[in-house]
Amino acid sequence: MGRLFVITLEGSVYSCSHCHTHLALLDDIISKSFHCRHGKAYLFDKVSVNITVGEKEERMMMTGLHTVVDIFCVGCGSIVGWKYESAHEKTQKYKEGKFILERFKVLGPDGSNYLVNHDAMVSGSDADNA
């Protein structure tokens, strides 16, 4: 295995909740109103550092069929979200090339952790079958 190079971002950052590797900037958030099966999720314009991507797959979500790739933290290998490669519904095309970070898998810019409330989990989400 080769040497791991991790990029440190400047400013307000979201980082992996397991290893604290920087993933995205607060300024790159498009929306905080997304949901996944574990609770809140944030839509980012870019998450371009310290991630690797998985294989493309078709996923049926609440908003229709999407082609996505899971994104993994390079520091610890945890799945932290996914990237929308393509959307099959016209109304969902704005998501193409955008990233979802699942809030319970990342630390906020202030170091806060989002805790999953299993009693109040969302029954339908944009990642129902993820």
| task | Any chance you could pull the hydrophobic cluster mates of I7, using side-chain heavy atoms under 4.5 angstrom and chaining through other members? | result | L9, V13, L25, V49

| task | Tell me whether M61 is reachable from Y94 by hopping between hydrophobic residues (I, L, V, M, F, W, Y) whose side-chain heavy atoms are closer than 4.5 Å. | result | yes

| query | Between atom CE of M62 and atom NE2 of H35, what is the distance when rounded to the nearest 0.5 Å? | reply | 10.5 Å

| said: Could you go through Y84 and I100, starting from their C-alpha distance and side-chain angles, then the distance that decides it, and tell me whether this counts as side-chain contact (heavy atoms from CB on, under 4.5 Å)? | reply: CA-CA 8 Å; Y84 289 102; I100 287 286; 3.6 Å; yes

| note | Here the gap from S78 atom OG to H18 atom NE2, rounded to the nearest 0.5 Å, amounts to 3.5 Å

| message | Using side-chain heavy atoms (C-beta onward) and a distance below 4.5 Å, is E102 in contact with W82? | response | yes

| said: When you compare the side chain of V68 with that of K56, does any pair of heavy atoms fall below 4.5 Å? | reply: no

| Got R103 and S17 here, is their nearest side-chain heavy-atom distance under 4.5 Å? | no

| query | Pairs in or reaching into residues 11-32: which pass salt bridge (Lys or Arg N to Asp or Glu O under 4.0 Å), with residues at least two apart or in two chains? | reply | none

| Considering residues at least two apart in sequence or located in another chain, which fulfil the side-chain contact (heavy atoms from CB on, under 4.5 Å) criterion with K83? | V69, I71, E85, F99

| Can you say whether the rings of F44 and Y42 are parallel (under 30°), tilted (30 to 60°) or perpendicular (over 60°)? | tilted

| query | What pairs with H20 under side-chain contact (heavy atoms from CB on, under 4.5 Å), at least two apart in sequence or on another chain? | reply | L107

| message | Rounded at 0.5 Å granularity, tell me how far CG in D70 sits from CD1 in I51. | response | 11.0 Å

| Residues in salt bridge (charged side-chain N to carboxylate O under 4.0 Å, His left out) with K93, at least two apart? | E96

| task | Check whether any side-chain heavy atom of I30 lies under 4.5 Å from a side-chain heavy atom of K46, and answer yes or no. | result | no

| field | L65 side chain reached by E58 side chain, heavy atoms, under 4.5 Å | value | yes

| Would you say V53 and L101 are hydrophobically clustered, going by side-chain heavy atoms of ILVMFWY under 4.5 Å? | yes

| Shortest non-hydrogen separation from C19 to C73 and the atoms involved | SG-SG, 3.5 Å

| said: I'd like to check the side-chain contact (heavy atoms from CB on, under 4.5 Å) partners of L26; sequence neighbours left out, ordered by chain and number. | reply: S12, Y14, I29, P109

| Would you say the side-chain atoms of S15 pair up with the backbone N or O of H22, donor to acceptor, closer than 3.5 Å? | no

| Which heavy atom in N50 sits nearest to a heavy atom in L23, and how many Å separate them? | O-CD2, 3.7 Å

| message | Could you check whether any side-chain N or O of S31 sits under 3.5 Å from a backbone N or O of S33, counting only pairs where one atom can act as donor and the other as acceptor? | response | yes

| field | Side chain proximity check, D45 to K98, heavy atoms < 4.5 angstrom | value | yes

| said: For the residue pair S86 / K95, report whether a side-chain donor-acceptor contact shorter than 3.5 Å exists. | reply: no

